[in-house]
Student: 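My questions all concern the structure below.
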Amino acid sequence: MTSHTTTCACPARRASANGCRSSNRLRLAFLPRNLAALVGFAIAAAFPPLTSPLAAEPADVAIPMDEHEIRTAGIVTSPVSPERGETELSLPGTVAIPPSQLRVVAAPANGLLEAVLVATDENVVAGQPIARLRSPDLVEAQRQYLAALSDEALSADRLRRTRFLWENRVTPERELRVVETESANAKSRLDERAQILGLMEMSEADIDTLRNSRRILSSVTVHAPISGTVVRREASPGQRVEAAAPVVSIAELDPLWINIQVPASRLPAITVGQAVVIPAYGVQGRVVRIGRTVDASTQSAVAVAEIGSANGAIRAGLAVLATIRISQNGAPQWSVPATSVVRHRDRSWIFVKGPRGFLARPVQVISENARSASVRGALAATDEVADRGVITLLSELAAADKE
């Protein structure tokens with residue numbers, strides 16, 4: 001004898017309650033209005049809407065313990081104390097040159113670098129000669145300029161004669177327009193060749209001398225584009241270089257940047273504009289940029305601070321300890337023992353003493369040292385937190401997650 005079992009018409013009933021709930025909504029369309037409403041309330045109660053546990057912030061986790069268990073586990077508590085004013089967060093950093101203050105002087109053409117006229121760490125001023133280059137490309141560019149100069153003169157003379165003939169009704173207007181176009185093109189080619197000579201570091205005075213004397217030069221002097229300090233010599237005398245190859249790097253060394261390595265857990269407390277102090281040099285600056293990416297190997301991001309050079313005492317490449325001064329900005333901040341803060345589920349937690357044990361509470365760590373930590377969280381001045389025996393409480397917190 002075969003037994004018949006009533007099953008849900010929705011095929012996904014055995015795998016998902018949501019699928020069956022969708023099928024039930026379709027059936028409600030054929031029920032009377034009042035009955036459909038009653039059945040709808042029943043289904044809503046039986047199948048509450050699903051929510052992602054990752055979308056909500058971690059809440060307090062109760063860890064029930066009596067006094068005997070607390071003493072047996074060796075758990076000792078300490079009171080929290082409110083903090084006022086600024087908190088200092090000390091982090092390592094490296095001094096760097098701001099990219100906008102660094103200029104790379106490149107070879108204007110292919111050729112032989114005859115001389116480099118400046119040394120590393122030498123101060124230069126804008127327009128100062130820094131290198132001399134001998135180049136066959138420069139010779140060819142001057143020849144083409146002189147050829148364009150001759151063509152422009154011939155086209156200008158032809159235009160004058162053609163305009164005279166047109167004014168005397170000897171030549172048609174169409175020929176005049178053709179000659180005008182050729183003259184304009186010749187002038188454009190001459191301007192182009194002059195611009196090329198300018199890109200090859202020939203000054204306007206040199207170009208005027210070339211126009212008047214028609215004497216071609218085989219070498220050119222490269223000048224400093226800005227005032228600053230030579231931070232690198234990229235090429236040596238006697239070396240053959242390609243066009244646009246770097247020769248010298250010049251930088252303005254005041255102000256400077258400090259690339260501060262900030263752990264990912266401390267990033268929420270860092271904002272643009274916060275004061276930064278270098279205690280070893282007595283220099284103060286401010287945060288101007290916070291990195292949007294985290295290094296996978298160090299789990300830290302770079303916060304950039306702008307500071308003065310302290311009359312040259314702070315140099316590019318120097319490793320320093322930077323102190324960021326973090327204001328409370330109206331958020332309550334507390335000082336707790338450093339041993340009371342633990343890491344769990346990629347967050348910081350403390351264990352607050354309650355009437356029936358402890359409450360594991362998530363907090364944001366602002367700064368910490370060997371003795372204490374500054375945290376932000378839902379605390380009161382009368383709260384006490386566990387600072388000894390926290391390993392037992394951490395294991396209880398992990399066990400509560402598994403349940």
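For clarity, every value in this text was computed on a predicted model and none was experimentally measured.
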Student: Is there a donor-acceptor contact under 3.5 Å linking the side chains of Gln274 and Thr271?
Tutor: yes

Student: Pairing donors with acceptors under 3.5 angstrom, does anything connect the side chains of Ser300 and Asp295?
Tutor: no

Student: Quick check on Gln128: does its CD atom have over 12 non-hydrogen neighbours (other residues, nucleotides or ligands) under 6.0 Å away?
Tutor: yes

Student: Sequence neighbours excluded, which residues qualify as side chain to side chain donor-acceptor pair (under 3.5 Å) partners of Asn311?
Tutor: none

Student: Exactly one of Val80, Val341, Leu359 should register a side-chain contact (heavy atoms from CB on, under 4.5 Å) with Ile350. Which one does?
Tutor: Val341

Student: If you measure from CZ on Arg232 to CD on Glu234, what distance do you get to the nearest 0.5 Å?
Tutor: 5.0 Å

Student: Less than 4.5 Å apart, any side-chain heavy atom of Val222 and any of Val105?
Tutor: yes

Student: In terms of side-chain heavy atoms, does Thr120 have a donor or acceptor partner in Arg233 at a distance below 3.5 Å?
Tutor: no

Student: For a quick test of reading the model, state the closest non-hydrogen atom pair linking Pro268 to Ala264 and the distance between them.
Tutor: CD-O, 3.8 Å

Student: Checking Ser203 against Asp206: is there a side-chain donor and acceptor pair closer than 3.5 Å?
Tutor: yes

Student: What are the two closest non-hydrogen atoms of Ala378 and Arg361, and how far apart are they?
Tutor: O-NH1, 2.6 Å

Student: About how many Å separate CD of Gln261 and CG of Asn259, when rounded to the nearest 0.5 Å?
Tutor: 7.5 Å

Student: Using distance alone, with no hydrogens and no angle criterion, decide if Thr229 and Asn123 have a side-chain donor and acceptor under 3.5 Å apart.
Tutor: yes

Student: CD1/Ile216 to OH/Tyr145 distance, rounded to the nearest 0.5 angstrom?
Tutor: 12.0 Å

Student: Looking only at atom types and distance, does a side-chain atom of Asn212 sit under 3.5 Å from a main-chain N or O of Asp208, one as donor and one as acceptor?
Tutor: yes

Student: Would a 4.5 Å heavy-atom cut-off, applied to side chains only, mark Val304 and Ile260 as touching?
Tutor: no

Student: So, does Gln101 use its side chain to make a donor-acceptor pair with the main chain of Ile97 at under 3.5 Å?
Tutor: no

Student: List the atom of Ile130, the atom of Ile250, and the distance in Å for their closest heavy-atom pair.
Tutor: CD1-CD1, 4.4 Å

Student: Does any non-hydrogen side-chain atom of Phe358 lie less than 4.5 Å from one of Lys353?
Tutor: yes

Student: Looking at residues at least two apart in the chain, or sitting in another chain, which of them share a salt bridge (Lys or Arg N to Asp or Glu O under 4.0 Å) with Asp121?
Tutor: none

Student: Would you call Val363 and Arg347 a side-chain contact if the rule is heavy atoms closer than 4.5 Å?
Tutor: no

Student: Distance-only, no hydrogens or angles: does the Glu384 side chain make a donor-acceptor pair with backbone N or O of Ser78 under 3.5 Å?
Tutor: no

Student: Within a reach of under 6.0 Å around CG of Asp346, are more than 12 heavy atoms found that belong to other residues, nucleotides or ligands?
Tutor: no

Student: Quick one: does Ser188's side chain have a donor or acceptor within less than 3.5 Å of a partner on Ala184's backbone?
Tutor: yes

Student: Which atom names give the shortest non-hydrogen contact between Asp137 and Asn110, and what distance separates them?
Tutor: OD2-ND2, 3.2 Å

Student: Taking only Lys NZ, Arg NE, NH1 and NH2, and the carboxylate oxygens of Asp or Glu, determine whether Arg163 and Glu180 approach each other closer than 4.0 Å.
Tutor: yes

Student: Between Val241 and Ala245, which heavy-atom pair has the shortest distance, and what is it?
Tutor: CB-CB, 4.3 Å

Student: Under 3.5 Å, is there a donor on one side chain and an acceptor on the other for Thr209 and Arg215?
Tutor: no

Student: Measure the shortest side-chain to side-chain distance between Gln284 and Arg325 over non-hydrogen atoms and say whether it is less than 4.5 angstrom.
Tutor: yes

Student: May I ask you to check whether Glu368 and Ser374 show a side-chain donor-acceptor distance below 3.5 Å?
Tutor: no

Student: Please tell me if the side chains of Lys187 and Glu192 come closer than 4.5 Å, counting only heavy atoms from C-beta onward.
Tutor: no

Student: I'd like to know if the side chain of Glu122 and the backbone of Ala119 have a donor-acceptor N/O pair within less than 3.5 Å.
Tutor: yes

Student: Looking only at side chains, do Gln333 and Thr87 share a donor and an acceptor under 3.5 Å apart?
Tutor: yes

Student: Side-chain contact, heavy-atom cut-off 4.5 Å: Leu133 with Pro108?
Tutor: yes

Student: Between Ser155 and Glu182, does any side-chain donor sit less than 3.5 Å from a side-chain acceptor?
Tutor: no

Student: Quick check: does any side chain N or O of Asp387 sit under 3.5 Å from a backbone N or O of Pro337, one acting as donor and the other as acceptor?
Tutor: no

Student: Would you mind reporting whether Leu197 and Leu210 have side-chain heavy atoms less than 4.5 Å apart?
Tutor: yes

Student: Does Arg371 offer a backbone N or O that forms a donor-acceptor pair with the side chain of Asn369 under 3.5 Å?
Tutor: yes

Student: Decide if atom CD of Glu167 counts as having more than 12 heavy atoms of other residues, nucleotides or ligands within a radius under 6.0 Å.
Tutor: yes

Student: Ignoring hydrogens, what is the shortest heavy-atom contact between Val247 and Ala107? Give both atom names and the distance.
Tutor: CG2-N, 3.7 Å

Student: Between the side chain of Trp349 and the main-chain N/O of His344, is any donor-acceptor distance below 3.5 Å?
Tutor: yes

Student: May I ask you to check whether Arg193 and Gln144 show a side-chain donor-acceptor distance below 3.5 Å?
Tutor: yes

